[in-house]
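Structure first, then comments.
Below, all heavy atoms of this structure are taken into account, side chains as well, without hydrogens, waters or symmetry copies. Order of the sequence lines sets the chain letters (A, B, ...), proteins ahead of strands, with each chain counted from 1.
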Amino acid sequence: MALEIITANRLGDGLVIFLTTDGWSARIDAAAVSETKDETAALLARAEADAGLVVGPYEITVERQADGSLHPVKYREALRTRGPSVRTDLGYQAA
Amino acid sequence: MYVYDELDRGLVNERVEEFRDQVNRRISGELTEEQFRPLRLMNGLYLQLHAYMLRVAVPYGVLSSTQMRKLARIARVYDRGYGHFTTRQNIQFNWPKLEETPDILAELAEVEMHAIQTSGNCIRNTTADQFAGAAADELEDPRIWCEIIRQWSTFHPEFTFLPRKFKIAVTGAVSDRAAIKVHDIGIVLVQGTDGEVGFEIWAGGGLGRTPMIAKKIRDFLPATDLLSYLEAMLRVYNRFGRRDNKYKARIKILVHEIGADAYRDAVEAEWADIRDGALALPEQEISRIREAFTPPAFEALETASTAFEARKFEDRGFARWVASNVRRHKVPGYAIANISLKPAGGIPGDATAEQMDAVADYADRWSFGELRVAHEQNLVLPHVRQEDLYDLWLALGSVELDAPNIGTLGDIIACPGMDYCSLATARSIPVAQQISERFADLERLHDIGSVSLNISGCINACGHHHVGNIGILGVDKKGEEFYQVTLGGQADENAAIGKIIGPGFASDAIVDAIETIIETYLSVRQDGETFIGTLNRLGQTPFKEALYGTA
């Protein structure tokens, strides 16, 4: 199976976050990676238990790059990890 | 401008406190997201790709300088220093925090603004001609009737959960700048046989996945009957509009399925029951609202200002800006100044806090403190003395708001697209940026002349692509952005839905395709013929051949 991770938006400021092994991170590379359907289901269940902190968790497919970093397969999700392509001074890409 | 009375103020303030409590309960965990989502949407707070988005209503596109300064302050203090003016005359902030939203709404309430009716299946913020109260071709100021509709529709208990959202547009002029024929209800102010002002009523227009031009429902509706008739129209829609399928729930589907005649008959029958009831508008109430829109204290001026004419003669750049951005005013010696939010290579509709503050200052100095938002995502100073236009133009240049491109290919309507929107299937803004850059040369741009180009990043058509002379729809094709092109759309009194020209284009080919279309027009146009004129005369064939060959 393709690699999957869980993403959501943070309740307080709406920013994009990823489920890690022990919480949530704004960094996709910190995400907990699932390699099986069962693992994904378990991660999603954990994410949904955090409904008081996050909004709308769902799984996305990622590829691991040679340097170990994670890259979303869909362009929409890649945009979410960076920020608007037309305002590179905003979002995570600006940091 | 209309000033809130105690009732308006009370409603808006109560709503702010109610929402503050709801936000607190969501943060404390008392409310689930499922419970909270409809509540935040009723207050204009969406969740988009990167963050929350707050859509603030600009009722019928009218802003005072005070309100504009408040928007600038919100952009600066609570957001990232800018706002985005939308295709429904509203403004969106792209980065508000949930916890701070009640404070934003409280600040907006201080200047009689809110985010009510900017989401959900209710009667949305009514839109109007951005030249209302100023246009030379106007029968009467449509804002009077927009305000009456606003008061009737706000929190209307019967129409809070319609089958789908509902949009009303009003124009008081011969030239339709409010795109009334692509609204759920379109209203045109017309003169009755005795010279009295009444309304021509249209229904069932709309864009989205099933674009349709509205059907005329009534030739003349007396002014006193406006609300009772609208109530009857909504009531018939609320009862018979489809709730089984979201994509078939708009009134356009109902009007299309049962036919305009059957819809009209049902409305007239309903209306007969309520016409003389509580909704009949007393002349006294109409007068009260009309007074709120008393024209500002215009000076008695000569029709033409010699200083203004001299400036045009001396300064070619100014003359060009006047030719494209200034429109005729109903009062001699005055003009309507359009402020383009479309610099070449810029993001259509975006304005920085500094620009908003500057424009508010210019409104105070040169336009009686009044501003308008156009659905084309531009701003308007409605009442400028001709002899002040030169100073205004210089001032606009100092904040990069002097693009001389209103109504040209540079004046692109574009939705936020996938750069911001969670519904989008492709990006819109980069396509707009590349096209406006490609056609940045002003000689060429003005030679091409009047043409509308509208871009949407998904089938919901917030970018009005169906009614652009040239329309671009971004779709997802196997994970790649892909762009379909339509030709022949019009949003004015000759409203028409554009037709797909042929197979779509990849993102690296779409700008060339648009250039091919424009070059084709330039090669076959007759003297003085606009793009749409040439297209209507020759049809799609020459454009198709240029794009795809004669095969």
Over 12 foreign heavy atoms within 6.0 Å of [atom1], [X]:
{"X": "R37(B)", "atom1": "CZ", "result": "no"}
{"X": "E35(A)", "atom1": "CD", "result": "no"}
{"X": "E48(A)", "atom1": "CD", "result": "yes"}
{"X": "Q65(A)", "atom1": "CD", "result": "yes"}

* Asked: Among K97(B), Q48(B), H50(B), who wins on heavy-atom pairs under 4.5 Å with chain A?
  ->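 Going by pairs under 4.5 Å, I would pick H50(B).
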* **Greatest number of heavy atom pairs closer than 4.5 Å to chain A - which of Q433(B), E99(B), R80(B), R26(B)** =>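 Highest number of heavy-atom pairs under 4.5 Å: R26(B).
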To the nearest 0.5 Å, tell me how far [X] [atom1] sits from [Y] [atom2].
{"X": "L79(A)", "Y": "Y420(B)", "atom1": "CG", "atom2": "OH", "value": "11.0 Å"}
{"X": "N94(B)", "Y": "R87(A)", "atom1": "CG", "atom2": "CZ", "value": "9.0 Å"}
{"X": "L53(A)", "Y": "I27(B)", "atom1": "CG", "atom2": "CD1", "value": "11.0 Å"}

At a 4.5 Å cut-off on heavy atoms, which part of [X] comes close to chain A: side chain, backbone, both, or neither?
{"X": "Y82(B)", "answer": "side chain"}
{"X": "E480(B)", "answer": "neither"}
{"X": "E33(B)", "answer": "side chain"}
{"X": "L49(B)", "answer": "both"}
{"X": "P96(B)", "answer": "backbone"}

Pairwise side-chain contact, [X] with [Y], heavy-atom cut-off 4.5 Å (strictly under):
{"X": "R427(B)", "Y": "Y75(A)", "value": "yes"}
{"X": "Y52(B)", "Y": "N9(A)", "value": "no"}
{"X": "L98(B)", "Y": "D13(A)", "value": "no"}
{"X": "R76(A)", "Y": "S422(B)", "value": "yes"}

* In terms of heavy-atom pairs under 4.5 Å, which option from G52(A), A51(A), S85(A) contacts chain B the most? ->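 Looking at each of G52(A), A51(A), S85(A) in turn, S85(A) comes out on top.
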* Minimum heavy-atom distance P430(B)-V86(A), with the two atoms named ->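 That would be CG-CG1, 3.6 Å.
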